[in-house]
Amino acid sequence: MSQFTKRENFIPYNLPDITDAEIEEMTATLRSLWIAKGPRTIKFEQEFAAYLGAKHAVSVNSCTAALHVSLLTQNIGPGDEVITTPMTFASTASTILHCGATPVFADIDYRTGCIDPDEIEKKVTPRTKAIVPVHYSGQVCDLDRIYEIADRHGLYVSEDAAHALWSRYKGRLIGNKLKGAASYSFYATKNLTTGDGGMLVTDDDAIAERARILVGQGMSHNAWNRYAKGGSWRYDIVEPGYKYNMFDLQAALGLVQLSRMEEMQKRRLAIAARYQEEFAKIDGVEPPFVPDYATHCWHLYVLRVVPEVLTIDRDRFIVELNERNVGTSVHFIPVHTMTAFRKLGWKEGDFPNTERHFERIISLPLYPSMTDEQVEYVIEAVRDIAEKYHR
Ligand SMILES: Cc1ncc(COP(=O)(O)O)c(C=O)c1O
């Protein structure tokens, strides 16, 4: 039996990794008095594209905006269907509705939590226009199979890479050599944060050009520069667009975070390795499976409880962790069970793998500023609960 001693302080589920460098760059941006979209935003786009080895990076104020605009660049609208996973955050599916199109869910591969290509294949109809695969938790989808289906049916692929910065498929960074586009999130919990923010990445000139117009109110090119010396006050609105742009205060954070990416990832990987090693030894929990083709960026560490072995369910396991001062989260409540999507006809029971996965999952604390002591404590707390409630 483990010798477990409860700690006094709570371990938060997540904290952003902010150093003096981020604070100094934010301060410098404020002092420069260029706080809206400007030189730092442009620099961040360039450095982000270079980091991924992608041709274009269009900065936005959220991944939700990127996902929306990605579909709009293909004129996806009423009458069209877009296939995605129910094991995601709502905005992956809501943005399909925002286009006037219909989200069609396909179940996950239970091993990875990512959309199952065989299930995608079953959902393709003459109305299908696109697939939105989600690289769930930083795990990567089986992209060769997804692109093979897309090519065969002439579908656009809009990768939801909200979790997947640094992740690799068969050794290549997600976002590198894209056939369609990928959307990234820089929300406070993400591996790289700008507080809130996002990026649409593509190698396709036409997608990038249309996206730039759509995210900046439909304004003609480089209108952000109209207040600078030499910038032109004249602009045109070429189509009704959205106020989706990133601004320099966000980009200031992003530039420093990007420069620290490898250092932050090194710590995430070390923590994930400890979790993987120890949770494999604990009866009653199941560590994430990482397929050979994937390099996981460990945005989330999604542990599954095994109710067949325990006398408690996932919900109680979370309460027990909380009582031991460990913060957690759940990613995700399946989207098809949410009221807004039930109204479209989806219901519980439609996606057995997604629902089985959901009932078992707990996202554990994993972020660069966690100390070794905290990491070991989380492991011991899980071990203590699994032993205490073993059947
Ligand atoms: C899988 C997934 N897609 C999209 C989003 C939306 O990201 P954002 O909050 O940047 O709009 C999230 C948010 O966390 C997410 O988890």
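Counting starts at 1 for both ligands and their atoms, in listed order.
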Exercise. Does W166 have R168 sitting over its ring (NZ/CZ under 6.0 Å from centre, angle to axis within 45°)?
Worked result: yes
For this session: Determine the interplanar angle of the F4 and Y377 rings, folded into 0 to 90°, and report it as parallel if under 30°, tilted if 30 to 60°, perpendicular if over 60°.
Result: tilted
For this session: Mind checking the CG-OH spacing from D109 to Y136? Nearest 0.5 Å is all I need.
Result: 12.5 Å
For this session: Report the relative orientation of the aromatic rings in H336 and F351; use parallel for angles under 30°, tilted for 30 to 60°, perpendicular for over 60°.
Result: perpendicular
For this session: Can you label the angle between the H163 ring and the F332 ring as parallel, tilted or perpendicular, going by 30° and 60°?
Result: parallel
Problem set entry | Neighbour list for ligand 1 [protein residues, heavy atom under 4.0 Å] | S62, C63, T64, L67, T88, F89, S91, T92, V134, D160, A162, H163, S185, K190, G197, F332
Exercise. Less than 4.5 Å apart, any side-chain heavy atom of Y275 and any of W298?
Worked result: no
